[in-house]
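Here the structure comes first, spelled out in structure tokens, and everything after it is commentary.
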Amino acid sequence: MALGFSEALLLLTTALFAILYLTRKKKDSRYPRGPTPLPFIGNVHQIGRTPLKSFQKWAQEYGPIYSIKMGSVDTIILNDHKLVKELLADNATAGRSENPVITAFSKGHGIINVDGPTWEEQRRFTIRKLRDIGLLKSTIESKILEEVKSLLNVFERNVGKPMSENRMFNGAVVNTLWAIVSGERHEWDAPVEPEILKKTDELITAVSRIALTGLIFAPVMRHIVPKWSGWTDWTNSILNLKKVVDVTVVSHTEKHDPNNPNDFIDHFLAQIKNEDDPSSSFYKENGAANLFAVVTDLFVAGSETSANTITWAMLQLSQNLEAQIKMQKELDRILGAPGDGSRLPSLSDRPSLPYIDAVISEVLRISPVLALGAPHKMLQDMEFKGYFFPKGANMWVNIYSIHHDASIWGEDVEKFRPERFLSEDGTQVIRHEALLPFGTGRRVCIGETLAKDTIFLFLASIFHKFIVEPYPSCVKADMEPVIGFLLRTKPFKVVVRNRGK
Ligand code: HEM
């Protein structure tokens with residue numbers, strides 16, 4: 001009897017599943033347990049529309065270390081801050097995924113998406129140079145304050161009008177980073193948007209799209225549905241940003257004075273010029289490729305994360321007027337009452353402003369914008385507390401679940417309460433070991449200090465000058481995050497009033 005098409009398809013699929021099941025590689029019995037995966041898609045279908053809740057549910061079911069399969073990739077999820085700190089300090093966990101969608105961005109260069117000698121060399125150099133630039137007289141602080149002044153003007157022009165959260169801080173944050181990297185400053189609030197801002201925005205939109213279509217978990221889609229999956233926009237946006245960065249690099253090369261570096265690109269060019277070791281990641285063309293990759297890494301890692309965190313702070317403070325007023329009283333004590341006699345905050349005021357520090361920690365706790373950090377890859381087999389982690393497996397830190405664990409933070413874990421980061425008399429900031437918004441260990445974020453300085457100066461300046469209230473339709477805003485490449489707020493509006501008048 002001849003088989004019909006659907007019977008043949010069913011037979012073929014069953015046979016395929018059976019072959020996959022029988023030939024699957026047997027895992028070491030100490031490999032972490034987890035929900036049963038399907039062939040090809042793994043556990044992707046079980047993650048659903050509320051991934052953070054699915055991850056939390058699995059942690060309750062399988063414990064602080066469990067495993068899932070993202071497509072065909074073995075992925076270990078860590079949910080306990082003490083275990084995370086111990087594990088991520090070990091070089092064996094410091095690799096990065098070889099996902100072709102992600103590596104299209106950097107092709108073996110830069111910091112974020114590479115491991116091995118290139119990563120070590122580029123990371124060490126970038127940390128050192130960001131610190132050096134921060135110590136120079138034209139400090140990072142003055143560059144941030146330039147942007148703060150522009151932002152205050154925008155707020156001033158909008159007093160009494162509804163202001164949408166959408167892209168409220170992106171221009172100012174990208175400009176801060178661009179000023180540090182290239183020494184150039186653009187009017188981001190000008191009628192014609194600067195190219196660097198436009199292209200960074202395009203790239204971030206493209207990243208959000210590939211997070212939504214699932215391209216990262218099923219890279220094969222780039223060959224089958226390149227447009228729909230977001231692959232075409234993703235690769236185009238990389239090329240477009242590269243063109244803008246290249247123009248700036250060329251103009252820096254033409255004017256380059258190795259004895260007088262002014263910005264990050266100048267420092268990098270001097271390093272390339274002095275490098276005579278062919279195995280170095282600064283050597284000739286390799287150095288040039290790393291320059292582009294590191295500059296774009298700083299943008300991608302630094303701009304949306306900082307801008308989104310400031311947006312979360314706006315939302316929380318507009319919804320929690322009591323905390324906002326406390327913050328303003330503290331600011332008035334140090335900067336003077338808002339108005340003609342007062343001044344802008346500076347980084348040296350920070351130790352005298354513990355409440356703001358506590359507000360920033362609480363925002364980073366409740367809304368860690370990189371909720372699952374950045375995936376790590378096991379560089380070698382590892383045995384750890386009775387578990388076995390094989391070389392090549394991915395490892396994610398569930399920062400969100402650690403930050404929302406009632407056994408660590410107490411029953412009011414979902415409440416915005418900056419006081420949890422203050423001593424009883426309110427004068428000292430408490431550093432909590434389970435607060436990990438920047439990750440930890442060998443791969444910890446290199447921009448933590450810059451991000452905290454930026455967030456501090458932006459919030460202190462805005463809230464000293466303005467009262468920020470919810471727009472009437474947003475009085476009880478929905479605080480649930482929108483999940484994509486980053487945790488974002490749902491759309492909301494605020495109205496600002498001048499405090500000094
Ligand atoms: C609120 C702002 C920020 C947050 C929440 C944040 C968070 C993070 C996290 C969770 C990681 C992953 C750590 C890991 O792999 O375990 C990371 C990595 C990184 N961040 Fe940030 N970040 C922020 C701002 C910045 C800024 C301003 C810069 C640079 C100017 C930056 C540069 C980087 C780089 C280059 C990496 C990769 C480090 C590596 O792979 O070795 N970040 N960040």
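Keep in mind that what you see is a predicted model, and the values were worked out from it rather than measured. Both counts, for ligands and for their atoms, begin at 1 and track the order of listing.
Applying the 4.0 Å criterion to heavy atoms of Leu450 picks out, from ligand 1, the atoms 30 (C). Interface atoms of ligand 1 facing Gly439, defined by a heavy-atom separation under 4.0 Å, are 10 (C). The ligand atoms of ligand 1 that sit less than 4.0 angstrom from a heavy atom of Ala451 are 2 (C), 24 (C). Per-residue contacts place Arg96 under 4.0 angstrom from the following atoms of ligand 1 (heavy atoms of the residue considered): 14 (C), 15 (O), 39 (C), 40 (O).
Minimum heavy-atom separation, Val359 to Phe416: CG1-CZ, 4.2 Å.
Residue contacts with ligand 1: Arg442 is placed with no nitrogen or oxygen under 3.5 Å of a nitrogen or oxygen of the ligand (distance criterion only). When only interatomic distances are considered, the shortest N/O to N/O separation between Thr309 and ligand 1 does not fall below 3.5 Å.
At the shortest separation from atom 9 (C) of ligand 1 among protein heavy atoms lies Leu370 CD1, 3.5 Å. Nearest protein neighbour of atom 38 (C) of ligand 1, counting heavy atoms only, is Arg123 NH1, 3.5 Å. Taking atom 6 (C) of ligand 1 as the reference point, the nearest protein heavy-atom neighbour is Phe438 CD2, 3.6 Å. Nearest protein heavy-atom contact of atom 17 (C) of ligand 1 is Cys445 CB, 3.5 Å. What sits closest to atom 40 (O) of ligand 1 on the protein, heavy atoms only, is Arg443 NH1, 2.7 Å. The single protein non-hydrogen atom nearest to atom 27 (C) of ligand 1 is Gly302 CA, 3.5 Å, given as residue, atom name and distance. The nearest heavy-atom contact from the protein to atom 28 (C) of ligand 1 is Gly447 CA, 3.5 Å. Among protein heavy atoms, the minimum distance from atom 33 (C) of ligand 1 is reached at Ala301 CB, 3.4 Å.
At a threshold of 4.5 Å between non-hydrogen side-chain atoms, the residues Phe282 and Asn274 do not count as touching. Counting heavy atoms from C-beta outward, His109 and Val114 have side chains that stay 4.5 Å or more apart. The shortest distance between side-chain heavy atoms of Leu197 and Asn175 does not fall below 4.5 Å. Annotation: side chain of Asn43 is not in contact with side chain of Thr75 (no heavy-atom distance under 4.5 Å). A 4.5 Å side-chain heavy-atom check between Lys326 and Glu419 finds at least one atom pair inside the cut-off. Residues Leu78 and Leu83 form no side-chain contact, since every pair of their non-hydrogen atoms from C-beta on lies 4.5 Å or further apart.
Atom NZ of Lys415 has 12 or fewer heavy atoms from other residues, nucleotides or ligands within 6.0 Å.
For the ligand labelled ligand 1, residue Glu448 lies outside the 4.0 Å heavy-atom shell. For His376, the closest heavy-atom approach to ligand 1 falls below 4.0 Å. Residue contact check for ligand 1: Asp297 places no non-hydrogen atom closer than 4.0 Å to it.
Residue Leu177 touches ligand 1 through its side chain alone, judged by heavy-atom distances below 4.0 Å. Contact annotation for Pro437 and ligand 1: only backbone heavy atoms (N, CA, C, O) come within less than 4.0 Å of the ligand. In Thr305, the parts holding a heavy atom less than 4.0 Å from any atom of ligand 1 are both the side chain and the backbone.
In this structure, CD on Glu362 lies 10.0 Å from CG on Leu364, to the nearest 0.5 angstrom.
Seen from the ring of Phe292, Lys242 counts as a face-on cation partner, given the 6.0 Å and 45° thresholds. Judged by a 6.0 Å distance limit and a 45° cone about the ring axis, Arg96 is not positioned over the six-membered ring of Trp119.
In summary, of the residues considered (Phe384, Phe388, Phe389), a side-chain contact (heavy atoms from CB on, under 4.5 Å) with Pro32 occurs for Phe389 alone.
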